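Because the structure is predicted, anything quoted here is derived from the model rather than measured. Any value given below was found using the heavy atoms of this structure, including those in side chains, with hydrogens, waters and symmetry copies removed. Per chain, numbering begins at 1; letters A, B, ... match sequence-line order.
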Amino acid sequence: MRLFNTLGRRCEVFRPVNGEVVNMFTCGPSVYQKAHIGNFRTFLFEDILVRYLEYAGYAVYRGMNITDVEDKAIREAEMRRVSVRKLADRNIDEFLREMRLLGMKIPDYLPRASDCVEIAVEIIRLLLGRGVAYWHKGNVYYDPLKHPGFGKLYGLDMSKWPKKRVRFHRDTYPGIQWNRGDFILWHGQREKDPNSWNTEIGWGRPAWNIQDPSMILHSFSETLSLYCGGIDNLYRHHDYTLAILESVRPYPMARYWLHCHHLYVNGRKMSKSKGTIYYTDTLLGQGYTAKEIRFSLIYGHYRSKLDYSDEVMSSAAGMLRDFRRTVSLIRERAGRRPPPEGESARQLRRIFEERMNDDLDTKGAFDGMRRYCAGLDIDALKAGEAAGISRVLEETDGVLGVLY
RNA sequence: GGCGACGUACCCAAGUGGCAAGGGAGAGGUCUGCAAAACCUUUAUUCAGCGGUUCGAAUCCGCUCGUCGCCUCCA
(Lines give C-alpha, C1' and ligand atoms only; values in the text may rest on other atoms or scores of the structure.)
Protein backbone atom coordinates (compact mmCIF):
# COMPACT_ATOMS: atom_id res chain seq x y z
CA MET A 1 0.00 0.00 0.00
CA ARG A 2 1.41 3.32 -1.06
CA LEU A 3 0.39 6.63 0.42
CA PHE A 4 1.35 10.17 -0.46
CA ASN A 5 3.27 11.56 2.47
CA THR A 6 3.04 15.32 2.75
CA LEU A 7 6.23 15.13 4.79
CA GLY A 8 8.60 14.67 1.87
CA ARG A 9 5.91 15.17 -0.80
CA ARG A 10 6.02 11.76 -2.39
CA CYS A 11 4.30 8.40 -2.41
CA GLU A 12 5.78 5.90 0.01
CA VAL A 13 5.07 2.32 0.89
CA PHE A 14 3.10 2.28 4.10
CA ARG A 15 4.91 0.66 7.01
CA PRO A 16 3.36 1.21 10.42
CA VAL A 17 5.47 2.22 13.37
CA ASN A 18 4.76 -0.92 15.36
CA GLY A 19 3.52 -4.38 14.48
CA GLU A 20 0.67 -4.44 16.93
CA VAL A 21 -1.58 -1.61 15.96
CA VAL A 22 -1.66 1.30 13.55
CA ASN A 23 -1.95 4.38 15.73
CA MET A 24 -3.40 7.34 13.94
CA PHE A 25 -4.68 10.74 14.82
CA THR A 26 -6.93 12.84 12.67
CA CYS A 27 -7.63 16.53 12.90
CA GLY A 28 -11.19 16.73 14.15
CA PRO A 29 -13.96 19.29 14.00
CA SER A 30 -14.24 22.68 15.55
CA VAL A 31 -17.61 22.39 17.18
CA TYR A 32 -18.68 25.99 17.39
CA GLN A 33 -21.02 25.32 14.49
CA LYS A 34 -22.58 22.51 12.52
CA ALA A 35 -20.33 20.48 10.23
CA HIS A 36 -20.95 20.78 6.48
CA ILE A 37 -20.40 18.27 3.69
CA GLY A 38 -16.94 19.67 3.07
CA ASN A 39 -15.94 18.76 6.61
CA PHE A 40 -17.45 15.36 6.09
CA ARG A 41 -15.50 14.82 2.92
CA THR A 42 -12.29 14.86 4.95
CA PHE A 43 -13.72 12.69 7.70
CA LEU A 44 -14.99 10.23 5.10
CA PHE A 45 -11.56 10.01 3.53
CA GLU A 46 -10.19 9.15 6.96
CA ASP A 47 -12.95 6.63 7.50
CA ILE A 48 -12.04 4.92 4.23
CA LEU A 49 -8.40 4.89 5.29
CA VAL A 50 -9.23 3.27 8.64
CA ARG A 51 -11.49 0.72 7.03
CA TYR A 52 -9.02 -0.14 4.32
CA LEU A 53 -6.22 -0.62 6.84
CA GLU A 54 -8.50 -2.97 8.73
CA TYR A 55 -9.44 -4.74 5.52
CA ALA A 56 -5.71 -5.18 4.88
CA GLY A 57 -5.39 -6.88 8.24
CA TYR A 58 -4.14 -4.09 10.50
CA ALA A 59 -5.56 -3.29 13.88
CA VAL A 60 -6.21 0.43 13.95
CA TYR A 61 -6.52 2.79 16.87
CA ARG A 62 -7.74 6.22 15.89
CA GLY A 63 -7.85 9.38 17.87
CA MET A 64 -9.64 12.53 16.79
CA ASN A 65 -9.61 15.80 18.61
CA ILE A 66 -12.60 17.96 19.21
CA THR A 67 -11.80 21.62 19.37
CA ASP A 68 -14.37 22.98 21.75
CA VAL A 69 -12.65 26.00 23.25
CA GLU A 70 -11.28 28.74 21.03
CA ASP A 71 -12.00 32.31 19.98
CA LYS A 72 -14.78 31.38 17.59
CA ALA A 73 -16.55 29.11 20.04
CA ILE A 74 -16.45 31.79 22.69
CA ARG A 75 -17.85 34.38 20.30
CA GLU A 76 -20.57 32.03 19.04
CA ALA A 77 -21.60 31.04 22.56
CA GLU A 78 -21.86 34.69 23.58
CA MET A 79 -24.04 35.39 20.56
CA ARG A 80 -26.35 32.51 21.35
CA ARG A 81 -26.27 33.26 25.05
CA VAL A 82 -25.27 29.74 26.05
CA SER A 83 -22.14 28.44 27.70
CA VAL A 84 -19.29 27.29 25.50
CA ARG A 85 -19.67 23.84 27.03
CA LYS A 86 -23.34 23.63 26.16
CA LEU A 87 -22.81 24.89 22.64
CA ALA A 88 -20.14 22.24 22.13
CA ASP A 89 -22.24 19.46 23.68
CA ARG A 90 -25.03 20.11 21.24
CA ASN A 91 -22.78 20.25 18.22
CA ILE A 92 -20.84 17.16 19.23
CA ASP A 93 -24.03 15.12 19.57
CA GLU A 94 -25.16 16.30 16.19
CA PHE A 95 -21.74 15.63 14.68
CA LEU A 96 -21.64 12.05 15.95
CA ARG A 97 -25.18 11.45 14.74
CA GLU A 98 -24.20 12.54 11.25
CA MET A 99 -21.01 10.49 11.32
CA ARG A 100 -23.11 7.42 12.01
CA LEU A 101 -25.64 8.43 9.40
CA LEU A 102 -22.89 8.58 6.78
CA GLY A 103 -21.62 5.19 7.85
CA MET A 104 -18.43 6.41 9.53
CA LYS A 105 -16.75 4.54 12.32
CA ILE A 106 -16.54 6.60 15.47
CA PRO A 107 -12.89 7.10 16.45
CA ASP A 108 -11.70 5.07 19.43
CA TYR A 109 -10.46 8.11 21.26
CA LEU A 110 -12.40 11.34 20.99
CA PRO A 111 -10.92 13.85 23.39
CA ARG A 112 -12.16 17.37 23.91
CA ALA A 113 -9.63 20.14 24.18
CA SER A 114 -11.34 21.40 27.30
CA ASP A 115 -10.71 18.04 28.98
CA CYS A 116 -6.99 18.15 28.25
CA VAL A 117 -6.08 21.52 29.72
CA GLU A 118 -3.93 19.96 32.42
CA ILE A 119 -1.76 18.24 29.81
CA ALA A 120 -1.53 21.41 27.77
CA VAL A 121 -0.25 23.15 30.88
CA GLU A 122 2.24 20.36 31.45
CA ILE A 123 3.55 20.76 27.90
CA ILE A 124 3.81 24.50 28.31
CA ARG A 125 5.82 24.07 31.50
CA LEU A 126 8.18 21.72 29.71
CA LEU A 127 8.55 24.17 26.83
CA LEU A 128 9.17 27.04 29.24
CA GLY A 129 11.75 24.93 31.03
CA ARG A 130 13.56 24.22 27.79
CA GLY A 131 13.54 27.84 26.75
CA VAL A 132 11.50 27.19 23.62
CA ALA A 133 8.56 29.10 25.02
CA TYR A 134 8.45 32.30 27.06
CA TRP A 135 6.09 34.54 28.95
CA HIS A 136 5.06 37.86 27.46
CA LYS A 137 2.39 40.11 28.96
CA GLY A 138 0.61 37.27 30.68
CA ASN A 139 0.61 34.94 27.67
CA VAL A 140 2.98 32.18 26.66
CA TYR A 141 4.49 32.13 23.18
CA TYR A 142 6.48 29.55 21.25
CA ASP A 143 9.65 30.63 19.48
CA PRO A 144 10.09 28.59 16.27
CA LEU A 145 13.70 29.69 15.92
CA LYS A 146 14.52 27.64 19.00
CA HIS A 147 13.34 24.47 17.31
CA PRO A 148 15.70 23.10 14.64
CA GLY A 149 13.81 21.91 11.60
CA PHE A 150 10.76 24.07 12.23
CA GLY A 151 8.47 24.23 9.18
CA LYS A 152 9.63 20.97 7.64
CA LEU A 153 6.10 19.84 6.85
CA TYR A 154 5.16 22.86 4.78
CA GLY A 155 8.70 23.34 3.62
CA LEU A 156 9.43 26.72 5.13
CA ASP A 157 12.63 28.54 4.37
CA MET A 158 13.61 29.59 7.86
CA SER A 159 16.35 31.89 6.59
CA LYS A 160 13.52 34.30 5.74
CA TRP A 161 12.18 34.24 9.27
CA PRO A 162 12.18 37.72 10.80
CA LYS A 163 15.08 38.43 13.11
CA LYS A 164 12.96 40.98 14.88
CA ARG A 165 10.45 39.42 17.29
CA VAL A 166 6.92 39.23 15.86
CA ARG A 167 4.13 37.67 17.86
CA PHE A 168 0.86 36.19 16.69
CA HIS A 169 -1.47 36.02 19.59
CA ARG A 170 -4.83 35.08 18.15
CA ASP A 171 -5.96 31.49 17.79
CA THR A 172 -6.00 32.01 14.09
CA TYR A 173 -3.71 34.48 12.50
CA PRO A 174 -4.09 37.34 10.08
CA GLY A 175 -1.44 38.14 7.53
CA ILE A 176 0.32 36.30 4.77
CA GLN A 177 -0.02 32.60 4.13
CA TRP A 178 2.60 31.88 6.76
CA ASN A 179 2.87 33.93 9.88
CA ARG A 180 6.52 34.45 10.38
CA GLY A 181 6.96 34.84 14.05
CA ASP A 182 6.16 33.44 17.46
CA PHE A 183 2.77 31.90 18.06
CA ILE A 184 0.71 31.80 21.20
CA LEU A 185 0.40 28.74 23.41
CA TRP A 186 -1.44 30.08 26.40
CA HIS A 187 -3.98 32.86 26.71
CA GLY A 188 -3.56 34.27 30.20
CA GLN A 189 -6.92 35.42 31.48
CA ARG A 190 -8.54 37.19 34.35
CA GLU A 191 -9.38 35.15 37.37
CA LYS A 192 -12.71 33.33 37.11
CA ASP A 193 -13.26 34.21 33.48
CA PRO A 194 -15.95 31.73 32.35
CA ASN A 195 -13.68 30.20 29.71
CA SER A 196 -10.64 30.09 31.88
CA TRP A 197 -8.96 27.41 33.97
CA ASN A 198 -7.16 27.82 37.24
CA THR A 199 -3.90 25.98 36.61
CA GLU A 200 -0.36 25.71 37.85
CA ILE A 201 0.63 28.51 35.49
CA GLY A 202 -2.29 30.67 36.53
CA TRP A 203 -5.68 31.48 35.07
CA GLY A 204 -6.06 31.10 31.32
CA ARG A 205 -6.91 28.81 28.46
CA PRO A 206 -4.87 26.82 25.97
CA ALA A 207 -4.43 28.29 22.50
CA TRP A 208 -5.60 26.34 19.46
CA ASN A 209 -2.19 25.09 18.44
CA ILE A 210 -1.38 23.40 21.72
CA GLN A 211 -4.67 21.56 21.90
CA ASP A 212 -3.80 18.78 19.47
CA PRO A 213 -0.43 18.08 21.07
CA SER A 214 -2.11 17.83 24.46
CA MET A 215 -4.73 15.40 23.20
CA ILE A 216 -2.15 13.30 21.37
CA LEU A 217 0.18 13.22 24.34
CA HIS A 218 -2.70 12.07 26.50
CA SER A 219 -2.97 8.68 24.84
CA PHE A 220 -0.09 8.06 22.48
CA SER A 221 3.44 7.52 23.66
CA GLU A 222 5.17 6.69 20.41
CA THR A 223 5.41 8.08 16.88
CA LEU A 224 1.99 7.99 15.25
CA SER A 225 1.83 5.90 12.11
CA LEU A 226 -0.55 8.36 10.48
CA TYR A 227 -1.68 11.89 10.95
CA CYS A 228 -4.47 13.21 8.74
CA GLY A 229 -6.36 16.42 8.23
CA GLY A 230 -7.69 18.95 5.80
CA ILE A 231 -5.27 20.65 3.46
CA ASP A 232 -5.94 24.07 4.96
CA ASN A 233 -4.28 23.04 8.19
CA LEU A 234 -1.05 22.19 6.45
CA TYR A 235 0.01 25.82 6.25
CA ARG A 236 0.37 26.68 9.88
CA HIS A 237 -1.46 24.46 12.27
CA HIS A 238 0.26 21.17 11.53
CA ASP A 239 3.78 22.55 11.60
CA TYR A 240 2.97 24.24 14.90
CA THR A 241 1.53 21.02 16.28
CA LEU A 242 4.52 19.03 15.11
CA ALA A 243 7.02 21.50 16.51
CA ILE A 244 5.39 21.58 19.93
CA LEU A 245 5.20 17.84 20.24
CA GLU A 246 8.68 17.24 18.93
CA SER A 247 10.01 19.81 21.35
CA VAL A 248 8.83 17.75 24.30
CA ARG A 249 9.31 14.20 23.00
CA PRO A 250 12.53 12.78 21.57
CA TYR A 251 10.92 11.09 18.57
CA PRO A 252 8.98 12.23 15.48
CA MET A 253 5.33 13.07 15.92
CA ALA A 254 4.05 11.05 12.97
CA ARG A 255 5.50 8.94 10.20
CA TYR A 256 2.97 9.67 7.44
CA TRP A 257 1.09 12.91 7.03
CA LEU A 258 -1.97 12.79 4.78
CA HIS A 259 -3.92 15.83 3.71
CA CYS A 260 -7.35 15.81 2.14
CA HIS A 261 -8.19 18.53 -0.33
CA HIS A 262 -11.33 20.57 -0.19
CA LEU A 263 -14.81 20.14 -1.49
CA TYR A 264 -16.08 22.93 -3.74
CA VAL A 265 -19.57 23.81 -4.79
CA ASN A 266 -20.23 24.75 -8.39
CA GLY A 267 -16.52 25.31 -8.91
CA ARG A 268 -16.26 27.66 -5.97
CA LYS A 269 -15.29 27.29 -2.43
CA MET A 270 -18.20 27.00 -0.05
CA SER A 271 -18.95 30.32 1.50
CA LYS A 272 -21.22 31.17 4.34
CA SER A 273 -21.77 34.70 3.18
CA LYS A 274 -22.74 33.55 -0.31
CA GLY A 275 -25.03 30.90 1.12
CA THR A 276 -23.23 28.08 -0.61
CA ILE A 277 -22.68 25.91 2.43
CA TYR A 278 -24.24 22.50 2.04
CA TYR A 279 -25.10 20.26 4.93
CA THR A 280 -26.10 16.62 4.91
CA ASP A 281 -29.59 17.86 5.76
CA THR A 282 -29.59 19.91 2.58
CA LEU A 283 -29.03 16.78 0.51
CA LEU A 284 -31.34 14.57 2.53
CA GLY A 285 -33.97 17.22 1.95
CA GLN A 286 -33.43 16.86 -1.78
CA GLY A 287 -34.28 13.19 -1.47
CA TYR A 288 -30.82 11.66 -1.51
CA THR A 289 -30.04 8.75 0.78
CA ALA A 290 -27.19 8.73 3.27
CA LYS A 291 -25.38 6.14 1.13
CA GLU A 292 -25.69 8.36 -1.91
CA ILE A 293 -24.28 11.29 0.02
CA ARG A 294 -21.43 9.15 1.32
CA PHE A 295 -20.76 7.95 -2.19
CA SER A 296 -20.71 11.38 -3.79
CA LEU A 297 -18.19 12.54 -1.20
CA ILE A 298 -15.78 9.62 -1.64
CA TYR A 299 -16.11 9.46 -5.42
CA GLY A 300 -12.94 11.37 -6.24
CA HIS A 301 -9.34 11.16 -5.18
CA TYR A 302 -8.73 12.66 -1.75
CA ARG A 303 -5.78 14.72 -2.99
CA SER A 304 -7.81 16.44 -5.68
CA LYS A 305 -10.41 19.05 -5.11
CA LEU A 306 -13.87 17.63 -5.50
CA ASP A 307 -16.55 19.76 -7.06
CA TYR A 308 -20.09 19.40 -5.88
CA SER A 309 -23.09 20.48 -7.90
CA ASP A 310 -26.69 19.35 -8.22
CA GLU A 311 -25.81 17.78 -11.53
CA VAL A 312 -22.81 15.89 -10.17
CA MET A 313 -24.82 14.72 -7.19
CA SER A 314 -27.67 13.38 -9.24
CA SER A 315 -25.34 11.72 -11.69
CA ALA A 316 -23.36 10.11 -8.88
CA ALA A 317 -26.54 8.90 -7.23
CA GLY A 318 -27.70 7.41 -10.52
CA MET A 319 -24.40 5.63 -10.99
CA LEU A 320 -24.57 4.19 -7.50
CA ARG A 321 -28.17 3.05 -7.97
CA ASP A 322 -27.12 1.35 -11.17
CA PHE A 323 -24.28 -0.55 -9.56
CA ARG A 324 -26.42 -1.53 -6.61
CA ARG A 325 -28.91 -3.02 -9.03
CA THR A 326 -26.18 -5.09 -10.69
CA VAL A 327 -24.92 -6.17 -7.28
CA SER A 328 -28.33 -7.36 -6.18
CA LEU A 329 -28.77 -9.30 -9.44
CA ILE A 330 -25.47 -11.05 -8.75
CA ARG A 331 -26.57 -11.79 -5.22
CA GLU A 332 -29.87 -13.25 -6.40
CA ARG A 333 -27.95 -15.44 -8.77
CA ALA A 334 -25.69 -16.60 -5.95
CA GLY A 335 -28.17 -18.31 -3.73
CA ARG A 336 -26.80 -19.02 -0.30
CA ARG A 337 -23.83 -21.24 -0.82
CA PRO A 338 -20.58 -20.02 0.71
CA PRO A 339 -18.08 -21.11 -1.93
CA PRO A 340 -14.33 -20.85 -2.28
CA GLU A 341 -13.19 -17.74 -4.10
CA GLY A 342 -13.29 -18.40 -7.85
CA GLU A 343 -11.26 -16.74 -10.59
CA SER A 344 -13.76 -13.96 -11.25
CA ALA A 345 -13.99 -13.16 -7.54
CA ARG A 346 -10.21 -13.06 -7.29
CA GLN A 347 -10.02 -10.73 -10.25
CA LEU A 348 -12.59 -8.39 -8.75
CA ARG A 349 -10.65 -8.31 -5.50
CA ARG A 350 -7.45 -7.62 -7.41
CA ILE A 351 -9.05 -4.61 -9.11
CA PHE A 352 -10.17 -3.21 -5.77
CA GLU A 353 -6.89 -3.74 -3.96
CA GLU A 354 -4.74 -2.50 -6.79
CA ARG A 355 -6.61 0.80 -6.91
CA MET A 356 -6.80 1.18 -3.15
CA ASN A 357 -3.13 0.36 -2.71
CA ASP A 358 -2.34 3.21 -5.04
CA ASP A 359 -2.78 6.04 -2.54
CA LEU A 360 -6.39 5.15 -1.75
CA ASP A 361 -7.93 5.56 -5.18
CA THR A 362 -11.53 4.99 -4.11
CA LYS A 363 -12.94 6.34 -7.31
CA GLY A 364 -10.78 4.04 -9.40
CA ALA A 365 -11.66 1.10 -7.18
CA PHE A 366 -15.36 1.76 -7.51
CA ASP A 367 -15.19 2.35 -11.25
CA GLY A 368 -13.06 -0.73 -11.79
CA MET A 369 -15.40 -2.98 -9.88
CA ARG A 370 -18.48 -1.47 -11.43
CA ARG A 371 -17.07 -1.93 -14.91
CA TYR A 372 -16.04 -5.48 -14.17
CA CYS A 373 -19.49 -6.38 -12.87
CA ALA A 374 -21.21 -4.60 -15.73
CA GLY A 375 -19.22 -6.77 -18.10
CA LEU A 376 -20.44 -10.00 -16.52
CA ASP A 377 -23.13 -12.08 -18.13
CA ILE A 378 -24.99 -12.53 -14.88
CA ASP A 379 -27.53 -15.00 -16.25
CA ALA A 380 -24.69 -17.25 -17.35
CA LEU A 381 -22.93 -17.21 -13.97
CA LYS A 382 -22.83 -20.40 -11.98
CA ALA A 383 -24.32 -20.02 -8.53
CA GLY A 384 -20.97 -20.66 -6.87
CA GLU A 385 -19.19 -18.12 -9.01
CA ALA A 386 -21.86 -15.52 -8.30
CA ALA A 387 -21.61 -16.26 -4.61
CA GLY A 388 -17.85 -15.72 -4.72
CA ILE A 389 -18.25 -12.38 -6.48
CA SER A 390 -20.96 -11.42 -4.08
CA ARG A 391 -18.73 -12.13 -1.14
CA VAL A 392 -15.94 -9.95 -2.52
CA LEU A 393 -18.44 -7.17 -3.10
CA GLU A 394 -19.57 -7.41 0.50
CA GLU A 395 -16.04 -7.43 1.86
CA THR A 396 -14.88 -4.50 -0.23
CA ASP A 397 -18.03 -2.65 0.69
CA GLY A 398 -16.90 -2.98 4.27
CA VAL A 399 -14.47 -0.27 3.16
CA LEU A 400 -16.46 1.81 0.71
CA GLY A 401 -19.75 1.40 2.55
CA VAL A 402 -22.10 2.35 -0.24
CA LEU A 403 -23.55 -0.88 -1.62
CA TYR A 404 -25.32 -2.70 1.17
C1' G B 1 0.19 42.17 -6.45
C1' G B 2 2.78 37.45 -4.29
C1' C B 3 2.42 32.06 -4.28
C1' G B 4 -0.07 27.61 -6.06
C1' A B 5 -3.46 24.30 -8.72
C1' C B 6 -6.05 23.22 -12.94
C1' G B 7 -7.88 23.49 -18.39
C1' U B 8 -9.90 16.12 -21.88
C1' A B 9 -17.10 15.79 -25.84
C1' C B 10 -23.21 19.53 -24.14
C1' C B 11 -21.95 18.48 -18.49
C1' C B 12 -18.91 15.57 -14.86
C1' A B 13 -14.60 12.74 -15.39
C1' A B 14 -10.34 8.59 -15.93
C1' G B 15 -5.88 8.59 -18.27
C1' U B 16 0.89 11.11 -16.31
C1' G B 17 5.26 8.77 -23.31
C1' G B 18 2.61 3.83 -27.40
C1' C B 19 -4.59 2.98 -30.97
C1' A B 20 -8.87 8.83 -25.91
C1' A B 21 -12.17 4.61 -19.60
C1' G B 22 -16.75 5.49 -17.44
C1' G B 23 -21.11 8.18 -16.06
C1' G B 24 -24.97 12.01 -16.83
C1' A B 25 -27.62 14.51 -20.65
C1' G B 26 -28.96 14.18 -26.04
C1' A B 27 -30.23 11.10 -30.44
C1' G B 28 -31.94 6.30 -32.52
C1' G B 29 -33.90 1.47 -31.32
C1' U B 30 -36.01 -3.08 -28.41
C1' C B 31 -39.84 -4.31 -24.98
C1' U B 32 -44.22 -2.37 -23.15
C1' G B 33 -47.58 0.61 -25.35
C1' C B 34 -51.17 5.78 -21.55
C1' A B 35 -46.66 6.75 -19.56
C1' A B 36 -42.40 5.37 -16.84
C1' A B 37 -38.57 2.02 -15.88
C1' A B 38 -35.17 -1.43 -18.02
C1' C B 39 -32.06 -2.95 -22.00
C1' C B 40 -29.28 -2.14 -26.78
C1' U B 41 -26.90 1.33 -30.22
C1' U B 42 -24.81 6.07 -30.88
C1' U B 43 -22.11 10.91 -29.54
C1' A B 44 -13.80 13.74 -29.14
C1' U B 45 -9.24 11.51 -36.17
C1' U B 46 -8.81 14.52 -30.70
C1' C B 47 -7.13 16.40 -25.17
C1' A B 48 -7.39 25.52 -24.06
C1' G B 49 -3.85 27.81 -27.99
C1' C B 50 1.05 28.09 -30.11
C1' G B 51 6.00 26.31 -30.39
C1' G B 52 9.80 22.51 -28.81
C1' U B 53 11.82 17.39 -27.29
C1' U B 54 10.69 12.28 -29.27
C1' C B 55 10.15 6.99 -33.97
C1' G B 56 5.79 8.32 -31.09
C1' A B 57 2.85 13.56 -26.55
C1' A B 58 -3.54 14.63 -23.63
C1' U B 59 0.82 12.91 -21.02
C1' C B 60 7.68 15.88 -20.95
C1' C B 61 9.69 21.33 -21.72
C1' G B 62 8.69 26.69 -22.93
C1' C B 63 5.39 30.64 -23.90
C1' U B 64 0.30 32.60 -24.33
C1' C B 65 -4.77 32.62 -22.90
C1' G B 66 -8.54 31.15 -19.36
C1' U B 67 -10.59 29.35 -14.65
C1' C B 68 -10.06 28.55 -9.57
C1' G B 69 -7.59 28.58 -4.76
C1' C B 70 -4.43 30.56 -0.69
C1' C B 71 -2.47 35.25 1.24
C1' U B 72 -9.80 36.80 6.03
C1' C B 73 -12.36 32.01 8.72
C1' C B 74 -12.37 27.23 7.47
C1' A B 75 -11.96 19.90 6.81
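Nucleic acid contact for H259(A): none, since no nucleic acid atom lies under 4.0 Å from a heavy atom of the residue. F40(A) comes within 4.0 angstrom of no nucleic acid atom, judged by non-hydrogen atoms across all strands. Heavy atoms of L263(A) sit under 4.0 angstrom from at least one base atom. Among the atoms of the strands shown, only primed sugar atoms or phosphate atoms (P, OP1, OP2) are found under 4.0 Å from some heavy atom of G229(A).
Summarising the base pairing, rU16(B) is matched to no nucleotide, lacking a Watson-Crick or G-U wobble pair whose two defining distances lie under 3.5 Å. Under the Watson-Crick or G-U wobble criterion, with both distances below 3.5 Å, rG26(B) is paired with rU42(B). Pairing for rA57(B) is absent, with no Watson-Crick or G-U wobble pair whose two atom distances lie under 3.5 Å. The partner of rA21(B) is absent, by the rule that a Watson-Crick or G-U pair needs both atom distances under 3.5 Å. Nucleotide rA36(B) forms no Watson-Crick or G-U wobble pair with any nucleotide shown, as no partner meets the under 3.5 Å limit on both distances. Across all strands shown, rA9(B) remains unpaired; no Watson-Crick or G-U wobble contact has both distances below 3.5 Å. In this structure, rA75(B) makes no Watson-Crick or G-U wobble pair, since no nucleotide meets both defining distances under 3.5 angstrom. Using N1 to N3 plus N6-O4 or O6-N4 for Watson-Crick, or N1-O2 and O6-N3 for G-U wobble, each under 3.5 Å, rG69(B) pairs with rC3(B).
Of the listed nucleotides (rG69(B), rA14(B), rC74(B)), rA14(B) has the atom at the smallest distance from the side chain of K363(A). If you check rC70(B), rA21(B), rA75(B) against the side chain of T42(A), the one that comes closest is rA75(B). Proximity note for M319(A) (side chain, C-beta onward) versus rC12(B), rA38(B), rG23(B): the nearest is rG23(B). When distances are taken from the side chain of D367(A) to each of rG23(B), rC73(B), rA21(B), the shortest belongs to rA21(B). In this structure, the nucleotide among rC68(B), rA75(B), rC70(B) sitting nearest to the side chain of M270(A) is rA75(B). Considering only the side chain of Y264(A), rC68(B) comes nearest among rC68(B), rA38(B), rC11(B). With rC68(B), rC74(B), rA38(B) as the candidates, the nucleotide lying closest to the side chain of W208(A) is rC74(B).
For the C1' atoms, the distance linking rA36(B) with rG7(B) amounts to 39 Å, nearest Å. Nucleotides rG17(B) and rC12(B) place their P atoms 26 Å apart, quoted to the nearest Å. Across rG66(B) and rA48(B), the matching P atoms stand 16 Å from one another, rounded to whole Å. Rounded to the nearest Å, the gap between the P atom of rG69(B) and that of rU30(B) is 48 Å. Across the C1' atoms, rC55(B) and rC65(B) are found 32 Å apart, a figure rounded to whole Å. The C1' atoms of rA58(B) and rC47(B) are separated by 4 Å, rounded to the nearest whole Å.
Distance CD1/I231(A) to NE2/H262(A): 7.5 Å, rounded to 0.5 Å.
Within a 6.0 Å sphere centred on CZ of R80(A), heavy atoms belonging to other residues, nucleotides or ligands number 12 at most.
Looking at K72(A), its side chain has no donor and acceptor atom pair within 3.5 Å of the base of rC74(B).
Two residues, S315(A) and S309(A), neighbour RNA chain B, and the one matched to the more 5' nucleotide by heavy-atom proximity is S309(A).
If you take CZ of R370(A) and C1' of rG23(B), they are 6 Å apart, rounded to a whole angstrom.
When side chains are defined from C-beta on, I378(A) does not count as touching E332(A), because their heavy atoms never get closer than 4.5 Å.
Screening T26(A), D47(A), D108(A), N23(A) for a side chain to side chain donor-acceptor pair (under 3.5 Å) involving R62(A) leaves a single residue, T26(A).
Taking the six-membered ring for Trp and the full ring otherwise, H259(A) and H238(A) have centroids separated by under 6.0 Å.
In plain terms, the two heavy atoms of C11(A) and R303(A) that are nearest each other are SG-NH2, 4.4 Å.
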